[in-house]
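Quick notes on the structure that follows.
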Amino acid sequence: MTVPGRVDAASLLLSLDPPPWFVRHARAVAEVAGWLAARIDAGGTPVDRRLVESAALLHDADKALANEDPERTLPHGDGSAAWLTRLGHPELARAVAGHPVTRLLDGERYTRWAAFASREERIVAYADKRAGQRLESMDARFASWRRRYPRIEVDGRAAGWTEADMRVVKARAHRLEADICRAAGVAPRDVRRLAWTGPALRAAREASR
């Protein structure tokens with residue numbers, strides 16, 4: 001069992017035959033996460049940068065699985081974790097399982113995550129909240145989520161976002177942002193992308209020929 005490196009993670013992503021929009025989002029999250037991990041590591045806090053980058057690139061894998069794949073029946077994030085575990089990469093499972101925005105409303109599961117999530121898990125979760133098709137503010141990302149997904153499923157219930165939901169989610173997300181940006185020594189507006197996914201995807205495509 002090993003954490004896949006950049007090219008191996010890119011190969012796993014390409015094995016899903018993902019559409020361009022999916023790849024753009026995966027790349028944006030992976031590059032934001034990679035930049036944050038590099039900053040935090042350089043500041044003296046050890047971070048498994050390889051795990052962060054690979055988990056961030058593959059965090060949405062379950063969305064690209066075939067309809068008949070059993071992992072498609074699992075909640076988002078859990079499906080990605082199960083798929084990666086099945087392929088021999090269980091080290092990535094917790095980081096991909098904990099990233100969905102709905103985790104911020106998920107009762108006891110959020111409480112456990114907030115108490116025990118590793119630095120790597122937190123970086124991946126935060127990067128997803130800063131990157132849609134490109135790096136953006138967290139407020140813009142939440143507005144997009146609410147517009148595109150007017151109904152959410154949390155604790156087994158499906159319902160629309162309420163104003164109370166949004167206050168809880170944003171407060172928890174901003175605490176996550178403060179924690180990660182403090183560790184990286186930057187303000188949220190200064191977060192950037194580490195341009196590593198392009199070369200990794202090109203190498204993965206070349207290796208598959």
Enclosure of Arg86 CZ (heavy-atom neighbours >12, cutoff 6.0 Å): yes
Donor-acceptor contact below 3.5 Å, side chain Arg193 vs main chain Trp35: no
Residues Asp8 and His89: side-chain donor-acceptor under 3.5 angstrom: no
For the student: nearest non-hydrogen atoms of Ala9 and Leu58, plus distance: O-CD2, 3.7 Å
Closest heavy-atom pair and its distance - Ile123, Ala37: CD1-CA, 4.1 Å
Shortest non-hydrogen contact between Ala204 and Ala10, atoms and distance: CB-CB, 3.9 Å
CA sep, side-chain torsions, deciding dist, call: Asp62, Trp83, side-chain contact (heavy atoms from CB on, under 4.5 Å): CA-CA 7 Å; Asp62 54 10; Trp83 181 75; over 6 Å; no
Straight-line distance of Thr85 OG1 to Leu92 CG, nearest 0.5 Å: 8.5 Å
Check against salt bridge (Lys or Arg N to Asp or Glu O under 4.0 Å), Asp78 and Arg109: CA-CA 12 Å; Asp78 293 335; Arg109 187 165 184 177; 2.6 Å; yes
Spacing of Arg103 atom CZ and Tyr110 atom OH [to the nearest 0.5 Å]: 13.0 Å
Side-chain donor or acceptor of Glu121 paired with backbone N/O of Ser118 under 3.5 Å: yes
Same cluster (ILVMFWY, side-chain, under 4.5 Å), Trp113 and Met138: yes
Under 3.5 Å: donor-acceptor pair, side chain of Arg130, backbone of Ala33: no
Ser80 side chain vs Ala61 backbone, donor-acceptor pair below 3.5 Å: yes
From Ser54 atom OG to His59 atom NE2, the distance as rounded to the nearest 0.5 Å: 13.5 Å
Closest non-hydrogen atom pair between Ala184 and Leu36, with its separation: CB-CD2, 4.2 Å
Test log, rule side-chain contact (heavy atoms from CB on, under 4.5 Å), inputs Ile180 and Glu177: CA-CA 5 Å; Ile180 296 301; Glu177 180 170 67; over 6 Å; no
Main-chain N/O of Val96 paired to His99 side chain as donor or acceptor, under 3.5 Å: yes
Side-chain donor or acceptor of Trp196 paired with backbone N/O of Ala30 under 3.5 Å: yes
side-chain contact (heavy atoms from CB on, under 4.5 Å) assessment of Leu65 paired with Leu16: CA-CA 7 Å; Leu65 296 175; Leu16 297 166; 3.6 Å; yes
Spacing of CD belonging to Glu31 relative to CG belonging to Leu194, to within rounding of 0.5 Å: 7.0 Å
Atom of Ala187, atom of Cys181 and distance for their closest heavy-atom approach: C-SG, 4.3 Å
N/O donor-acceptor pair under 3.5 Å between Lys63 side chain and Arg72 backbone: no
Lys129/Asp139 salt bridge by N-O under 4.0 Å criterion: no
Non-hydrogen side-chain atoms of Arg119 and Asp179 separated by less than 4.5 Å: yes
Taking every non-hydrogen atom, the tightest pair across Val52 and Gly34: CG1-N, 4.5 Å
Check: Thr73 side chain, Pro70 main-chain N or O, donor-acceptor pair, under 3.5 Å: yes
From CZ (Phe22) to CZ (Arg27), nearest 0.5 Å: 13.5 Å
Full working for side-chain contact (heavy atoms from CB on, under 4.5 Å) between Glu120 and Ile40: CA-CA 10 Å; Glu120 290 81 4; Ile40 293 170; over 6 Å; no
Salt-bridge contact Glu53-Arg50 (side-chain N to carboxylate O under 4.0 Å): no
Side-chain donor or acceptor of Thr45 paired with backbone N/O of Asp41 under 3.5 Å: no
Side chain to side chain donor-acceptor pair (under 3.5 Å) assessment of His25 paired with Asp128: CA-CA 9 Å; His25 172 62; Asp128 184 58; 3.2 Å; yes
Linked, directly or transitively: Val3 and Val29 (ILVMFWY side chains, under 4.5 Å): no
Cluster overlap Val23 with Leu84, hydrophobic side-chain contacts below 4.5 Å: yes
Joint cluster assignment, Leu57 & Leu135, ILVMFWY side-chain distance < 4.5 Å: yes
Value rounded to 0.5 Å, distance of NE2 in His76 from CG in Asp60: 4.0 Å
Co-membership, hydrophobic cluster, residues Val101 and Val191, 4.5 Å side-chain: yes
Gln133 side-chain N/O to Trp21 backbone N/O, donor-acceptor pair under 3.5 Å: yes
